[in-house]
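Notes for the one structure printed next.
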Amino acid sequence: MERYNFKEAEVKWQTVWEERRCFAASEDADRPKYYVLEMFPYPSGRIHMGHVRNYTLGDLVARYKRARGFNVLHPMGWDAFGLPAENAAKENKVHPAAWTHDNIDTMRQQLKSMGLSYDWAREVTTCDPEYYRHEQKMFLDFLEHGLAYRKESWVNWDPVEKTVLANEQVIDGRGWRSGAPVEKRQLAQWFLRITAFADDLLETLESLERWPGRVRLMQEKWIGRSQGLRMFFALKGRGDRLEVYTTRADTIFGATFCAIAANHPLALELAEGDADLAAFVAECNRLGTSEAAIKTAGKEGYDTGLRALHPFARGRELPVFVANFVLMEYGAGAIFGCPAHDQRDLEFARRYGLDVVPVVLPPDADAASYAIGDEAYLDDGSVINSDFLNGLSVEEAKAEVAHRLNAAGAGKPAVIYRLRDWGVSRQRYWGCPIPVVHCADCGIVPVPEADLPVRLPGDADLEAPGNPLENHPTWAQVDCPGCGKPARRETDTFDTFFESSWYFARFCSPRADTAFLRDSVDYWLPVDQYIGGIEHAVLHLLYSRFFTRALKQCGYLGIKEPFAGLLTQGMICHETYRDADGGKWLYPEDVIGAQDGSLVHATTGAPVTVGRSEKMSKSRNNVVDPQAIIDAYGADTARLFMLSDSPPDRDLDWTDAGIDGAWRYVNRLWRMVAEPKAALVAVGSPMPGDLSPAAGTAHRAIHKTIANVSADLDKFHFNKAVARVRELTNLLEDLDGAEDGWVLREGLETVARLIGPMMPHLAEEMWQRLGHETLLAETSWPEADESLLEEDTVTVAVQVNGKLRGTVRLPKDSDRESATSAALDLDNVVKAVGGRPVRKVIVVPNRIINVVV
RNA sequence: GCGGGCGUGGCGGAAAUGGUAGACGCGCGGGACUCAAAAUCCCGUUCCUUCACUGGAGUGUGAGUUCGAGUCUCACCGCCCGCACCA
């Protein structure tokens with residue numbers, strides 16, 4: 001028996017598609033456009049399974065929409081700046097540019113072997129000056145429009161490497177390479193004013209109907225709009241006041257302390273005269289800048305000795321603590337603590353023996369005996385122990401406090417956001433240079449547009465400690481564009497989220513001399529379907545939404561939302577294996593099945609402990625290299641596996657058995673066409689006047705499958721679409737009579753067309769073997785014959801008291817009475833009713849009949 | 001710590017709007033073909049009970065709403081993702 005030669009077929013069709021430029025996109029006002037985009041990869045070396053999944057999903061959408069008549073734009077590029085290139089430079093003494101370009105060459109070749117329908121002529125690489133010069137121009141425009149500014153902010157500083165560390169490079173408060181305790185340092189850095197759009201970014205979320213609800217919710221929480229009160233506490237023995245922010249002004253009478261952040265100006269001032277406080281502040285700073293690290297640390301505080309005066313309760317003094325859980329970046333960097341109604345404050349109060357005074361009484365509680373235990377009370381109630389607020393609701397009390405403080409000049413209502421401005425400065429080499437010059441006389445001077453791009457030097461020393469651009473002997477030396485005197489270039493580069501915040505627009509006119517052509521972005525944008533990992537739910541997606549607004553404000557384009565539709569895919573997981581004794585992680589290829597069915601090490605024969613399926617990662621040794629799969633089974637098999645079984649937004653378990661199953665199906669399909677069971681009629685033969693009963697059933701099933709698969713693809717239920725095609729395949733295999741030749745051809749052609757977006761090489765091969773001279777890639781999607789979709793009888797379930805007792809076949813849309821009598825006639829129903837009086841019969845037409853006795 | 005999500009057979013997963021739980025696949029069991037194996041094909045496969053019919057239980061756990069709950073409500077348990085310098 002002949003086998004499907006995928007190696008030959010896949011290369012053959014890839015070549016044909018490329019030669020015929022099947023996937024080249026150009027603007028065409030007469031056809032509806034559809035822009036499909038997958039998140040472009042960081043060129044880390046080789047593609048991984050996550051890429052295979054992401055790009056399989058995108059390619060399916062692109063090919064499907066193309067078949068449906070859309071003018072499809074489907075581009076690919078490289079998010080090529082980033083930290084790993086610098087790490088590789090340090091570890092392997094290879095230049096980041098060379099390393100990156102090698103990786104891109106490898107990965108491009110790998111992606112091409114998957115048969116993805118990209119318009120490769122639009123490929124962009126973000127580390128190319130032809131790309132990044134445009135974002136330097138954008139930055140200058142942002143500066144001009146007040147969207148970029150400079151301020152001091154905190155970074156993780158490694159004193160040994162003399163470098164700023166990313167949060168992921170800080171492990172237990174130490175630098176990952178040096179092991180030295182990390183210090184927090186303040187540096188002047190560039191920021192983009194994303195908070196200027198906070199309200200708009202929040203409100204427009206609602207209109208993003210084709211985004212997953214959870215992503216919208218996460219962004220909403222991230223922006224974190226809150227309506228509260230800025231209030232000012234007089235400080236005993238000092239002239240200045242302490243500003244705090246609160247959303248719970250109603251609990252002011254329950255306040256028993258104030259707390260300020262470790263790097264609050266007041267804390268720093270007091271620390272100068274208090275060595276213990278200085279030590280405590282230093283201790284807080286060792287936690288680094290990550291919010292998770294700060295918030296998970298045990299609640300610690302230091303009593304500064306200062307006393308804040310309660311604004312209403314005369315003579316009541318609140319101790320002022322420095323506390324490690326108060327963030328300088330949020331609100332005023334200071335709070336008042338009301339332990340009874342805030343869990344963090346409660347834990348802090350218990351630890352330091354502070355009073356816990358309940359001021360909101362739950363609806364069903366008794367005022368005299370009510371006390372707080374281990375849990376703060378957060379809900380509504382009536383206010384108690386609060387002088388003039390007593391008896392009010394929480395909302396009424398908030399309003400009253402705001403009113404009184406405002407009148408007294410001790411507070412004013414304020415809307416604040418959790419969202420902070422986007423810090424874009426990075427003290428790194430492998431990023432886009434920030435195009436400004438620092439001049440002793442003129443201050444900060446933008447690099448003139450004519451001098452762009454500011455290019456990275458090729459000869460930076462990447463191994464010496466510190467920032468390579470800062471260390472470079474000549475690169476930063478430049479004459480001030482303003483006064484002409486010697487000055488210094490900015491030596492920071494952009495955050496790499498900068499590049500990914502506008503690449504979708506660059507793809508519209510990737511070779512344009514400007515960032516993009518207005519006509520092109522007007523035609524192609526917004527992206528109709530964006531596909532990528534859920535891990536980007538907030539940062540990348542929010543930055544891109546902001547960037548688009550900023551570009552609009554600067555006149556680059558006319559839209560504010562870059563992505564109309566979003567699909568977030570799940571991760572790829574795989575079983576994990578460990579040594580039974582040592583607990584060492586083992587590679588899947590070193591694990592084999594023993595004769596008794598247990599798993600053992602392939603070379604040593606030692607028993608292996610099987611762990612649960614976890615996200616593929618190098619540290620757990622549970623990665624499977626997609627190249628090995630593509631080499632052994634072909635791209636179509638790998639693609640099919642990615643689409644079957646798991647819905648795209650859920651995690652996918654990689655299993656060897658699953659890939660074998662996909663492989664079997666690929667071969668089965670091929671055999672059905674290579675060795676058809678019945679003689680097929682010629683291409684384009686008209687439908688015979690009458691079909692055999694089996695053929696008639698198959699004919700209806702074919703059209704139902706077309707309708708169902710189309711609906712499933714529209715809803716991204718790819719796993720269900722695969723299941724439906726398999727069902728049709730099973731049915732077609734039962735056709736073998738000579739009179740079925742016409743329907744068999746209809747079925748096989750339909751299958752080929754339906755799997756076209758999933759397994760494009762196999763589909764082309766089938767199409768050709770079925771006698772077509774056209775390309776399936778250029779063939780339209782099949783249409784279902786509506787008249788074949790409706791059944792005239794339906795199976796209706798019959799329940800007695802909610803328990804299934806049988807089914808009846810009924811004409812579609814039978815009336816209540818005939819349905820009821822048919823149901824009551826069933827033997828099983830008679831038995832279950834057992835002569836009891838029927839109280840009620842519920843009839844849901846064409847679905848269910850429930851007899852209640 | 002905060003924010004978001006997920007939980008259905010041995011396994012991955014199906015079940016618009018509350019209406020026949022388990023489509024499709026994997027695995028497993030039995031059979032056919034074969035000297036044998038591979039490949040392929042056929043039958044079966046939620047669990048308990050039964051030769052079978054039948055009956056009972058069942059969607060992480062516990063309550064609730066309903067004629068009817070995988071789906072809605074509340075509480076709990078477990079796992080996963082993000083937290084602003086990884087991308």
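Being a predicted model, the structure only gives us computed values, none of them experimental.
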*For residues 794-808 of chain A, which residue pairs qualify under salt bridge (charged side-chain N to carboxylate O under 4.0 Å, His left out), counting only residues two or more places apart or in two chains?*
none

*asked:* Taking the P atom in each of rC2(B) and rG58(B), what is the distance between them to the nearest angstrom?
replied: 36 Å

*Tell me, please, which residues at least two apart from Ser44(A) pass side chain to side chain contact (heavy atoms under 4.5 Å, CB included).*
Tyr42(A)

Between protein and nucleic acid, restricted to nucleotides 53-56 of chain B and to nitrogen or oxygen atoms under 3.5 Å apart, what atom pairs and distances do you find?
| unit_1 | atom_1 | unit_2 | atom_2 | d |
| --- | --- | --- | --- | --- |
| rG56(B) | OP2 | Arg805(A) | NH1 | 3.3 |

*On RNA chain B, nearest-nucleotide positions of Ala723(A) versus Ser646(A): which is more 5'?*
Ser646(A)

*Checking Arg418(A) against Trp222(A): charged group under 6.0 Å from the ring centre and within 45 degrees of the axis?*
yes

*Does Asp495(A) reach the main-chain N or O of Phe498(A) with its side chain, forming a donor-acceptor pair under 3.5 Å?*
no

*What string of B, S and - do you get for nucleotides 68-78 of chain B, 5' to 3', when a contact is any protein heavy atom under 4.0 Å?*
S----------

*nucleotides 82-87 of chain B: protein proximity per nucleotide (B base, S sugar-phosphate only, - neither; heavy atom, under 4.0 Å)*: SBBBBB

Listed by chain and number, what are the salt bridge (charged side-chain N to carboxylate O under 4.0 Å, His left out) partners of [X], not counting sequence neighbours?
X: Arg46(A); value: Asp625(A)
X: Glu375(A); value: none
X: Lys151(A); value: none
X: Arg847(A); value: none

*asked:* The criterion is side-chain hydrogen bond (donor to acceptor under 3.5 Å, both in side chains); which residues satisfy it with Arg545(A), sequence neighbours excluded?
replied: Gln219(A), Glu561(A)

_Those residues of residues 654-667 of chain A lying under 4.0 Å from RNA chain B by at least one heavy atom_ = Ala657(A), Gly661(A), Arg664(A)

_Is the distance between the ring centroids of Trp422(A) and Tyr543(A) under 6.0 Å?_
yes

*How about Trp670(A) and Phe6(A): are their ring centroids closer than 6.0 Å?*
no

*Arg650(A), nearest nucleotide to its side chain (from rC80(B), rG1(B), rG7(B))*: rG7(B)

*Would you say the side chain of Asp645(A) and the base of rG12(B) hold a donor-acceptor pair, judged only by whether the two atoms sit under 3.5 Å apart?*
yes

*asked:* Can you list every stem that RNA chain B is part of, counting only runs of 3 or more consecutive Watson-Crick or G-U wobble pairs with both distances under 3.5 Å?
replied: B:1-7 with B:77-83, B:10-12 with B:24-26, B:27-32 with B:40-45, B:46-48 with B:55-57, B:60-64 with B:72-76

_With a 4.0 Å cutoff (strictly under), does any side-chain N or O of Asn730(A) reach OP1 or OP2 of rA23(B)?_
no

